[in-house]
Amino acid sequence: MSEEAINKELTAIQDDALKVAREVENYTRKLMVPIWEKRRGVIKKIPNFWAQAIGNSPIFSMDASDSDVEALENLTDFHVEYDESRPDYRKITATFSKNDVFKNETLTKEFIINDDGEDEILSKSTIDYHPGKAPNNKRKADDDDGPVFSFVEFFGNDDTAVGNLLSDDIFPGALEYFHGEEDDDEDADEIDLGSEDEDDEDEKPAPKKSKK
């Protein structure tokens with residue numbers, strides 16, 4: 001058998017493996033939906049759960065803008081909806097308390113994740129920023145720096161990379177992100193609900209801006 005024929009067979013096997021992996025992922029998601037709904041009710045009792053979970057993720061913790069930090073501090077609910085009949089469909093909804101960044105109570109975005117990389121945006125929010133809070137695209141002074149990822153701006157732009165991370169990584173693994181990778185195993189299952197006597201600084205964990 002020629003090398004070309006062998007490579008062709010291996011490619012076909014790889015395609016079959018990817019197809020099975022997607023089917024397993026879709027089935028797992030179907031089973032997890034009711035568990036995520038139950039989790040949603042419980043974590044609403046935890047102060048600033050989503051601020052800490054999202055803030056601990058790699059791309060949001062490295063260079064968070066002031067607007068992202070403030071928005072995350074006021075994030076009261078974060079949810080992702082899936083569609084069993086359309087496995088590549090995602091709808092992300094973020095709910096906020098009153099804040100000084102924007103006037104919206106909720107921000108949503110619907111999109112389709114395509115295997116060919118050509119993702120499709122179905123709908124996105126129009127963000128009603130407070131005066132002086134709209135992004136000015138000047139956060140990166142160094143031309144060699146990588147792309148800027150913004151939690152807030154994602155809901156109003158044409159990007160889906162952040163959405164893929166939020167819907168397929170951070171949302172399913174929210175508890176792990178909340179605890180953080182550096183926590184000791186013995187303390188990983190313990191959640192601090194805070195107290196009224198704690199300082200505001202402790203009550204609102206948020207991503208730290210990196211020092212330039």
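As a basis for the values below, the full set of heavy atoms in this structure was taken, side chains included, without hydrogen atoms, waters or symmetry mates.
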Rounded to the nearest 0.5 Å, the CD atom of Glu84 sits from the OH atom of Tyr27 at a distance of 10.0 Å
Lys NZ or Arg CZ of Lys109 over Phe154 ring: under 6.0 Å, within 45°
yes
Whether Trp36 and Phe171 hold their rings parallel, tilted or perpendicular, with breakpoints at 30° and 60°
perpendicular
Counting C-beta onward and ignoring hydrogens, is there a side-chain heavy-atom pair between Glu120 and Leu122 closer than 4.5 Å?
yes
Would you call Asp83 and Lys91 a salt bridge, using N to O less than 4.0 angstrom?
no
Pair Lys8 + Glu4, salt bridge at N-O below 4.0 Å:
no
Report yes if the side chains of Asp77 and Phe96 come closer than 4.5 Å at any heavy-atom pair, otherwise no.
no
Quick check: closest heavy atoms across Arg40 and Lys44, and the distance to 0.1 Å?
O-CG, 3.2 Å
Please confirm whether the backbone N or O of Thr95 pairs with a side-chain atom of Thr76, one donor and one acceptor, at under 3.5 Å?
yes
Verify whether one side chain among Tyr177 and Asp169 offers a donor that lies under 3.5 Å from an acceptor in the other.
yes
Under 3.5 Å side-chain donor-acceptor pair for Asn99 and Lys133
no
Report yes if the side chains of His79 and Glu37 come closer than 4.5 Å at any heavy-atom pair, otherwise no.
yes
Any side-chain donor near an acceptor of the partner, Gln52 and His179, under 3.5 Å:
no
Scanning both residues in full, the closest heavy-atom pair of Ser150 with Phe60 reads C-CE2, 3.9 Å
Could you tell me the separation between the CD atom of Glu70 and the CG atom of Asp100, rounded to the nearest 0.5 Å?
5.0 Å
Working to the nearest 0.5 angstrom, can you tell me the gap between Leu107 CG and Phe102 CZ?
4.5 Å
Same hydrophobic cluster for Ile121 and Tyr89, using side-chain heavy-atom links shorter than 4.5 Å among ILVMFWY?
no
Test side chain to side chain contact (heavy atoms under 4.5 Å, CB included) on Thr126 and Phe155; report intermediate values, then the result.
CA-CA 8 Å; Thr126 298; Phe155 288 96; over 6 Å; no
Whether over 12 other heavy atoms sit under 6.0 Å from Glu23 CD:
yes
I'd like to check Ile46 versus Phe178 (side-chain heavy atoms, cut-off strictly below 4.5 Å). Are they in contact?
yes
With a 3.5 Å distance limit and no angle check, can you tell me whether Asp159 reaches the backbone of Val162 through a side-chain donor-acceptor pair?
yes
Shortest non-hydrogen contact from Pro135 to Glu153?
CB-OE2, 3.2 Å
Tyr82 side chain reached by Asn26 side chain, heavy atoms, under 4.5 Å
no
With a 4.0 Å cut-off, would you call Lys124 and Asp158 a salt bridge?
yes
Would you say Glu9 and Met1 make side-chain contact, with heavy atoms under 4.5 Å?
yes
Flag the pair Gln14 / Leu10 as yes when at least one side-chain heavy-atom distance between them is below 4.5 Å, and no otherwise.
no
Cation over ring, Arg90 on Phe111, under 6.0 Å and within 45°?
no
Work out which heavy atom in Val152 is nearest to a heavy atom in Ser67; give both atom names and the distance.
CG2-O, 4.2 Å
In terms of hydrophobic clustering (I, L, V, M, F, W, Y; side-chain heavy atoms under 4.5 Å; direct or indirect links), are Ile113 and Val24 co-clustered?
no
In this structure, CZ of Phe151 is separated from CG of Leu75 (nearest 0.5 Å) by 5.0 Å
Counting heavy atoms not belonging to Glu105, are there more than 12 under 6.0 Å from its CD?
no
Using a 4.5 Å cut-off on heavy atoms from C-beta on, say whether the side chain of Leu166 contacts that of Val80.
no
To the nearest 0.5 Å, atom CD1 of Ile92 lies from atom OG of Ser125 at 11.0 Å
For Ser167 and Pro172, work out which heavy atoms get closest and say how close.
O-CD, 3.4 Å
How many angstroms lie between CG in Asp68 and CD1 in Ile54, if you round to the nearest 0.5 Å?
10.0 Å
